[in-house]
Amino acid sequence: MPLALILLAVPVVALPAAVWLPFVNGPELWLGLPSLLVWSVGWVLALTPALAYVERCRLKAAVLADHPSYQRLRRSCRDNRQSCQPT
């Protein structure tokens, strides 16, 4: 999950940072459009798959937590008081 959150943080930070980036917040045109518009649209489009990946990881972790073998592993670790790693 930390990788997913780092992946999500990149577009979230890039969107408000556009105001302070001189190569974005200037009078230039990129692809015939204002550079700030292209920057914002690009990062909004990048944000959608990042959010989908975070959701997918979250659901995968929830399904894994409900799986019977994972529940058995958690019980055995709790009973033995040792660190167990799922296989």
### Query
Cluster question for you: counting only ILVMFWY and a side-chain heavy-atom cut-off of under 4.5 Å, with indirect links fine, are Leu29 and Leu21 together?
no
### Message
On a heavy-atom basis, which atom in Ser35 and which in Gly26 lie closest, and how many Å separate them?
### Response
OG-O, 3.7 Å
### Message
Filter on salt bridge (Lys or Arg N to Asp or Glu O under 4.0 Å), then keep only pairs touching residues 42-56, sequence neighbours left out; what's left?
### Response
Glu55-Arg58
### Query
What residues, two or more places apart in sequence or in another chain, satisfy side-chain hydrogen bond (donor to acceptor under 3.5 Å, both in side chains) together with Glu28?
none
### Message
For a 4.5 angstrom cut-off between non-hydrogen side-chain atoms, does Leu37 reach Val41?
### Response
yes
### Query
Can Val19 be reached from Trp30 by stepping across I, L, V, M, F, W or Y side chains whose heavy atoms are under 4.5 Å apart?
no
### Query
Could you give the distance from CG (Leu7) to CG (Leu47), rounded to the nearest 0.5 Å?
9.5 Å
### Message
Leu3 vs Tyr53, test: side-chain contact (heavy atoms from CB on, under 4.5 Å). Steps then yes/no.
### Response
CA-CA 10 Å; Leu3 173 65; Tyr53 182 72; 3.9 Å; yes
### Message
So, taking the atom named OG in Ser40 and the one named CG in Leu33, what distance separates them when rounded to the nearest 0.5 Å?
### Response
11.5 Å
### Message
Quick check on the hydrophobic clustering: are Ile6 and Val13 connected, directly or via other members, by side-chain heavy-atom contacts under 4.5 Å?
### Response
no
### Query
Quick one: ring-ring contact (aromatic ring centres under 6.0 Å, His included) partners of Trp43, sequence neighbours excluded?
Trp39
